[in-house]
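Keep in mind that the numbers below use all heavy atoms, side chains included, and drop hydrogens, waters and symmetry copies.
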Amino acid sequence: METYGSTRYRTRYCGDLGVADIGTEVKVAGWTDVIRSHGNLVFIDLRDRSGVIQLRLDAKEAPQFLEMADTARRGWVLNAHGTVIARPEGMVNPKLATGGVEINVQDFVILGQSEPYPFPLSSAAEIDESLRLRYRYLDLRRPALQQNLIRRHHMTQAARAFLDRVGFIEVETPFLIGTTPEGARDFLVPSRMQRGSCYALPQSPQLMKQMLMVAGFDRYYQFARCMRDEDLRADRQPEFTQIDLEMSYVGLDDIIPIGEGVVAEIAKVARGIELPLPFPRMSWLQAMENYGTDKPDLRVSLAIHGVPPEFTETVPITKDLGPGVSARYLPVPAAFGSLSRSAADRLVENAGKESGCKVSWLKLTAEGASGPLGKSLVAPLREHMLASLGEDRGEAVVFVAAGKNWVSAAKCLGSLRGVIAEQCGAVDRNALKFLWVTEFPLLEWDEEQDCWVPAHHPFTSPLEEDLPLLESAPARVRSTAYDMVLNGTELSSGSIRIHDREVQKRVFGVLGIGEEEARAKFGFLLEALSYGAPPHGGMAIGYDRLVMLLLGAASLREVIAFPKTSSGKDLMFGAPSPPNKQQLSDLGLKWISDAPKPVL
RNA sequence: GGGGACGUAGUUCAGUUUGGUUAGAACGCCGGCCUGUCACGUCGGAGGUCGCGGGUUCGAACCCCGUCGUCCCCGCCA
């Protein structure tokens, strides 16, 4: 290794030293890990971000430092100067990268002392997360977390290098923007200079990147921070990072390889693997029909099938569901793990409760059928089910769901599919199954608000061939939206955008956004589209999530330096906190909540 | 907004089912000894508002009510 990192305190990093360095004089600096004192011979494990090296302090050779070494404690900051020597015969530690050598210390200085750690940094023991978050700087000193962030850095560099190579320009966009009526709740920032008005933090740079396309940047990307004021999960933080990108003069087949390329470069660095390209593609319809979700986990081979319409009424659970009733079934071969009667009953009960569908099951063998639905199973349907199972069916359990429409039945079995795979241990934790889901519906019917809402966002272009249906049959209009899915997680979504002012107006129309409202909310967009907008499209890749999945982390908090708790608090900085009186009066705000009072 | 789990030395936990003497263990911490350790060893020591508040009881870590915190899930997140 070069002398990178060489400073007045250090010539080398601890973890980089090896047998090649024997005989050289080095200076290292870092934190003490374990100190093992034998009275007249002291060993100190010194750690920096690169790893650990053993310091050796011998009473015979450097008696003046022995006393100092004796006062040192774990976590203190040391600066040591000495010679790299080979360890004696039989004293090599194969568990340590630097285990063949040690530094015979000739000189050493205590640069800083430390309180005893509030929790062990070395141990693999699981420490209460609130404690870790409160002392995040110590938590981040632990090798596991530090490696996560270092690997994330390399992944980021790989993505940047790739995007640069294929002509993307990195542009930063503002945090203080106006609120746009998108899906999530906005974080608001009250303005001092414009009293009574607020900025909103971006939920994504969506409109800004479209403006950059109108401006002619042609290919833009950014590691964009996004903020959404919604409830959190293990894979959801209030602020997160997207690899946001947008391209001009493109169709789907121009964008998708870029998305695949970025992810492949990142995976190469993260795991040293070559992802097989291109990723498989599947229409939304296929995904829903076969997997009961728009983000199927292809690590699991189970697929959902439709009960042919002519047999639907022979399945007892379809009764009383009215017109449009649809039944679907999920065959689970015995090879997948044998399910007991009670286990099947339990699965069915939960699935029914959550979905509002009628669910039941039967056991299917080459000879016959048993279980709750076994008796009523008509022969042709039985043949149909057996055919869908393939050869190694064994004692297959078949779950059947009936819903008011095929989508609800499919969704019900889709979640059941996930639960069963999990329970049977049929999910290969190391596998990476990417795919694209395309041709999403453009619109969804919102029961609560009694109106059409965009399935993706209101700037998503409909598929050209479905454009004539926009006003007459909105439900049937497919969009150019596409999602990248990894192991059942939505990693990215994107679309070709509307670049035609008239089409945009029509979509707003179907969404119930009148001319005036459109002008008020998106005036600048419509205006921009009237100045020669190129056909454009792009995507945003959920970067924290991608890093988490590629590194095998259990939570986003393991790949983010300073994450928040599930209730949105930062336990180290103590944010959020009540504003003080001066801040409120500057902003022209009055505190009406009776919750935490403003600081005086 | 709803459901679930957890909360006891600095840390990780046991003890709570069935209320009963002085709340234990391991690691860590402090002090002594030790020239080949690397989970060092060894001898000794300190360390507790059982999350908080209230209730039941002769008596509460343990039972009840409330509350706070962390985590997971549903709703929500285009």
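- B:rC29: Watson-Crick or G-U partner is B:rG45, with both key distances under 3.5 Å.
- Where A:Asp235 and A:Arg228 meet RNA chain B, the nucleotide closest to each residue was compared, and A:Asp235 sits on the side nearer the 5' end.
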Tabulate protein N/O versus nucleotide N/O from nucleotides 10-13 of chain B, keeping only pairs under 3.5 Å, one per line.
residue	atom	partner	partner atom	Å
B:rG10	O2'	A:Pro118	O	2.6
B:rU12	OP1	A:Asp128	N	2.7

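- In this structure, CD1 of A:Ile103 is placed 17 Å from C1' of B:rG36, rounded to the nearest angstrom.
- Remark: A:Asp21 engages A:Arg12 in a salt bridge, criterion side-chain N to carboxylate O under 4.0 Å.
- Note on A:Glu61: nothing from the nucleic acid sits closer than 4.0 angstrom, heavy atoms only.
- Base engagement by A:Ser37 is indicated by at least one non-hydrogen atom pair under 4.0 Å involving a base atom.
- Within the shown strands, nothing qualifies as a pairing partner of B:rA60 under the Watson-Crick or G-U definition with both distances less than 3.5 Å.
- A:Gln54 has its CD atom 14 Å from the C1' atom of B:rA39, to the nearest Å.
- In this structure, A:Arg73 reaches the sugar-phosphate backbone alone: every heavy-atom distance under 4.0 Å involves primed, P, OP1 or OP2 atoms, never a base.
- Out of B:rC76, B:rU70, B:rC29, the shortest distance to the side chain of A:Ser130 is found at B:rU70.
- Residue contacts for A:Asp58: at a heavy-atom cut-off of 4.0 Å it reaches a base atom on one of the strands shown.
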Please list every donor-acceptor pair under 3.5 Å in which a side-chain atom of residues 85-99 of chain A meets a protein atom from a residue at least two apart or in another chain.
residue	atom	partner	partner atom	Å
A:Arg87	NE	A:Gly99	O	3.2
A:Arg87	NE	A:Val101	O	3.0
A:Arg87	NH1	A:Met91	O	3.3
A:Asn93	OD1	A:Lys95	N	2.9
A:Thr98	OG1	A:Val52	O	2.6

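- Between the CG atom of A:Leu571 and the C1' atom of B:rC71 there is a distance of 12 Å, rounded to whole Å.
- A sub-4.0 Å separation between OP1 or OP2 of B:rU70 and a side-chain N or O of A:Ser567 is present.
- Comparing the same atom, C1', in B:rC73 and in B:rC58 gives a spacing of 45 Å after rounding to whole Å.
- The aromatic rings of A:Tyr137 and A:Tyr135 sit perpendicular to each other, their planes meeting at more than 60°, with 30° as the lower class boundary.
- B:rA5: Watson-Crick or G-U partner is B:rU70, with both key distances under 3.5 Å.
- Base pairing analysis places B:rC76 opposite nothing; no Watson-Crick or G-U wobble pair with both distances below 3.5 Å involves it.
- In this structure, A:Glu126 does not pair ionically with A:Arg132, as no charged nitrogen and carboxylate oxygen lie closer than 4.0 Å.
- Here A:Glu239 pairs with A:Arg225, A:Lys564 under the salt bridge (charged side-chain N to carboxylate O under 4.0 Å, His left out) rule; sequence neighbours left out.
- Qualifying side chain to side chain donor-acceptor pair (under 3.5 Å) partners for A:Asn79, counting only residues two or more places apart in sequence or in other chains: none.
- For B:rU35, the OP1/OP2 oxygens have no side-chain nitrogen or oxygen of A:Lys60 closer than 4.0 Å.
- If you check B:rC72, B:rG36, B:rA78 against the side chain of A:Glu102, the one that comes closest is B:rG36.
- A:Ser37 is linked by a side chain to side chain contact (heavy atoms under 4.5 Å, CB included) to A:Val42, A:Asp70, counting only residues two or more places apart in sequence or in another chain.
- Pairing of B:rC13, defined by two Watson-Crick or G-U wobble distances under 3.5 Å, is identified with B:rG24.
- Base-pair partner of B:rU37: not found among the strands shown (Watson-Crick or G-U wobble, both distances under 3.5 Å).
- Atom CZ of A:Arg281 is surrounded by more than 12 heavy atoms from other residues, nucleotides or ligands within 6.0 Å.
- Rounded to whole angstrom, the span from the CG atom of A:Leu232 across to the P atom of B:rG1 amounts to 14 Å.
- As a whole-Å value, the separation of A:Met91 CE from B:rC38 P is 10 Å.
- Between the CG atom of A:Leu525 and the P atom of B:rA78 there is a distance of 18 Å, rounded to whole Å.
- Applying the 3.5 Å distance criterion, the base of B:rG36 shares no donor-acceptor pair with the side chain of A:Arg87.
- Here the separation of B:rA5 from B:rG51, taken at their C1' atoms, is 16 Å to the nearest Å.
- Proximity of A:Ser566 to the phosphate of B:rU70: no side-chain N or O atom is located under 4.0 Å from OP1 or OP2.
- Look at the P atom in both B:rU18 and B:rC30: the space between them is 44 Å, to the nearest Å.
- The side chain of A:Asn93 contributes no N or O atom lying less than 4.0 Å from OP1 or OP2 of B:rC38.
- You won't find any donor-acceptor pair under 3.5 Å spanning the side chain of A:Arg36 and the base of B:rC34, going by distance alone.
- Closest to the side chain of A:Asp45, out of B:rU70, B:rC38, B:rA78, is B:rC38.
- Considering only the side chain of A:Pro116, B:rC29 comes nearest among B:rU37, B:rC29, B:rC77.
- Within the 4.0 angstrom heavy-atom criterion, no nucleotide atom of any strand lies near A:Arg132.
- Nucleotides B:rC62 and B:rC43 are separated by 37 Å at their P atoms, to the nearest Å.
- A salt bridge between A:Arg236 and A:Glu230 is absent, with no side-chain N of the basic residue lying under 4.0 Å from a carboxylate O of the acidic one.
- Residues passing the ring-ring contact (aromatic ring centres under 6.0 Å, His included) test with A:Tyr13, sequence neighbours excluded: A:Tyr4.
- Rounded to whole Å, the separation between the C1' atoms of B:rC27 and B:rG66 comes to 36 Å.
- Checked against the 6.0 Å centroid criterion, the rings of A:Phe508 and A:Phe522 qualify as a close aromatic pair.
- The base of B:rG75 is paired with the side chain of A:Arg233 by a donor and an acceptor separated by under 3.5 Å.
- Looking at the side chain of A:Ser204, the nearest of the listed nucleotides B:rA78, B:rU70, B:rU35 is B:rA78.
- The separation of B:rG28 from B:rA9, taken at their C1' atoms, amounts to 11 Å, rounded to a whole angstrom.
- As rounded to whole Å, 24 Å separates atom P of B:rC76 from atom CE of A:Met227.
- Only the C1' atoms considered, B:rG48 is 15 Å distant from B:rC29, to the nearest whole Å.
- Between A:Arg74 and A:Lys95, the residue anchored closer to the 5' end of RNA chain B is A:Arg74, taking for each the nucleotide with the nearest heavy atom.
- As the counterpart of B:rG53, B:rC65 is assigned, both hydrogen-bonding distances of the Watson-Crick or G-U wobble pattern falling under 3.5 Å.
- Taking the P atoms as reference points, B:rA25 lies 14 Å from B:rG44, given to the whole Å.
- A straight line from CG of A:Leu556 to P of B:rC73 spans 11 Å, rounded to a whole angstrom.
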